[in-house]
Amino acid sequence: MNVKIRIEGLKVSFEGKEILKGLSIDVFKNKITGFMGPAGSGKSTLISVINRMIDFEDNAVVEGKVLIDGQNILGDKIDAVQLRRRVGTVFAVPTPLPRSIYDNIGYGPRLKRGNHRRELRTLVVESLKKAFLWDEVKDRLDTSALKLSGGQQQRLCLARTLALTPEIILLDEPCSGLDPISTAKIEEALDELKKDYTIILVSNNTKQIARITDHAAFFYMGTLIEYGPTEKVFTNPSEKHTEDYIQGKFG
Amino acid sequence: MRINPRFADKLVKIALNGQAFFTVWILVAIVAVICVKGLPYVNLEFIFSSPVDMGRHGGIFSTIIGTVLLVILSIFVATPLGVGTAIFLTEYTKESVFTKIIRFGVESLAGIPSILYGLFGFIFFVIKLRMGWSLLAGVFTITIMILPTIIRTSEEAIKAVPRNLRIVSYSLSATKWETVTKVVLPSAAPGILTGIMLSIGRAVGETAAVIFTMGSSLRLPTSLMESGRTMAVHFYILAREGISMQKAYATALVLVLSILFINIIAYYIMNRVVSKYS
């Protein structure tokens, strides 16, 4: 198995308060890796380091290394804007931009110069298909994305991220506000997508982690408690803490 | 003694209705008086011919052109400045003593009577910078006068754009400037346009600040360095010096109609923008 993302001794603190306390973890290529843990465990912060969205948080101090294909993305030479083309993100709250479905998907690609109209059209269609949304919107690409249902909006956000042609997709509790059917559609899409992408799924829903991830990591209070193949973590956890969390004793 | 709540409810409803009616009634009354007194004298000739004998005879064409030039040029100078300042204050700086000083300055500017802008414009642009009574001096003075409105309304509009939209834009590999131009400004456009409309209204109706800087020449201004007269100034002079009340009311009517016209156009543009980005 190839390592896509290697995190070494990652520490993040806000105004002296340590959120991540020296994390090290390897995320494998073309797998879905689940990050779980109770609120405040640092899993969302970890995500925001990988896509460098943490740059927009004032007072955040980041130490350690995050290597993507062996290159430290926290280094000075890395352009965070370019990095975000390689590391796409889907957030918890579906947030379509106030414009048409087509223009939402086209937003990222259009920022890169030299995208021709026809290529863009193909990219938009492909992205919508991969996110399992194409059939529902193919006749109304020019209507406002705000008119879609919540579940459709979240798949739109996934398609919009795919249109960046990223290598890594980060999903930060993407199904937390969705109904079971919408959730199932997203999960189905992710299962297809892992062939081409490295996926990290943050979720509080341990059943979801058990259902669709290949590897699972359990975080607690800014440290990695347990990490391994999902089946092992769920059937035979080595830490008492993990077992308690999975069984719903806390969290 | 307690008032029956239902009775109180009715009473409040009647009172509020009355207040709303009163406000509208004042507006209607003003417009009605201007229409009744001005309408008989407004015709195509009045609009398209130049004033004769101080405005006693002839039309108001040069003052219409003077108004249009002053307002359009002022908006063109003030909008980039004002919106730029608002973007700077909201997107490119953190809250600090510096931004507080700028905001305080802006708010103070908004409260200054227009006659003081006129005096400042006269001393600074007309005399010190040797522009003389000119369209240019008028434009700069009006620009300063309407800047606070544009900055404040733009700032509020930009602040009201949800943070989520910016985050999403950044996550889709947009830079700060791309986020501002492609996401923030389109979403804030209706609010910004409201500020511009308010400013147009102020500029169209302004007399004190204009008379000191742009002057009151009745000739058609053909360059930025020439003096000219706006409709509002024309109305003021006609009425104040008792030249012709008929012409004064006719001018007022054209003034009111043009403000109405500007508002309709602005709403049209606003709807276009809103429907494109929703």
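So that the names make sense, note that chain A is the first sequence line, chain B the second, and so on, each numbered from 1.
Every residue two or more places apart in sequence or in another chain was checked for a ring-ring contact (aromatic ring centres under 6.0 Å, His included) with B/Tyr267, and none qualifies.
Counting non-hydrogen atoms of neighbouring residues, nucleotides and ligands closer than 6.0 angstrom, the CZ atom of B/Phe98 reaches no more than 12 such neighbours. Residue-environment remark: CZ (B/Phe76) stays at or below the threshold of 12 foreign heavy atoms within 6.0 Å. Heavy-atom neighbours of A/Lys194 NZ from other residues, nucleotides or ligands within 6.0 Å: above the threshold of 12. Atom NZ of B/Lys176 has more than 12 heavy atoms from other residues, nucleotides or ligands within 6.0 Å.
Contacts of A/Arg160 with chain B are made by both backbone and side-chain atoms, with heavy-atom separations under 4.5 Å. When heavy atoms are compared at a cutoff of 4.5 Å, A/Asp58 approaches chain B solely by way of its side chain, counted from C-beta outward. When heavy atoms are compared at a cutoff of 4.5 Å, B/Ser187 approaches chain A solely by way of its side chain, counted from C-beta outward. Within the 4.5 angstrom heavy-atom criterion, only backbone atoms of A/Pro96 (N, CA, C, O) approach chain B. Heavy-atom distances place the side chain of A/Leu164, and not its backbone, under 4.5 Å from chain B.
B/Leu172 contributes atom CG, which lies 6.0 Å from atom OG1 of A/Thr161 (distance to the nearest 0.5 angstrom).
Contacts from residues 66-88 of chain A to chain B, taken as heavy-atom pairs separated by less than 4.5 Å, involve A/Val81, A/Arg84, A/Arg85 in sequence order.
For the options A/Thr95, A/Leu97, A/Asp103, heavy-atom pairs under 4.5 Å to chain B are most numerous at A/Thr95. Of the listed residues B/Pro162, B/Pro186, B/Ala174, the one with more heavy-atom pairs under 4.5 angstrom with chain A than any other is B/Ala174.
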Margin query: The test is salt bridge (charged side-chain N to carboxylate O under 4.0 Å, His left out); show your working for B/Arg163 and A/Glu57 and say whether it passes.
Written below: CA-CA 12 Å; B/Arg163 185 179 143 84; A/Glu57 301 289 341; 3.8 Å; yes
Next item on the list: Assess whether side-chain contact (heavy atoms from CB on, under 4.5 Å) is satisfied between A/Leu111 and B/Lys182, documenting all intermediate values.
Entry: CA-CA 10 Å; A/Leu111 295 172; B/Lys182 288 173 197 288; 3.5 Å; yes
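At least one side-chain heavy atom of B/Val183 sits less than 4.5 Å from a side-chain heavy atom of A/Tyr107.
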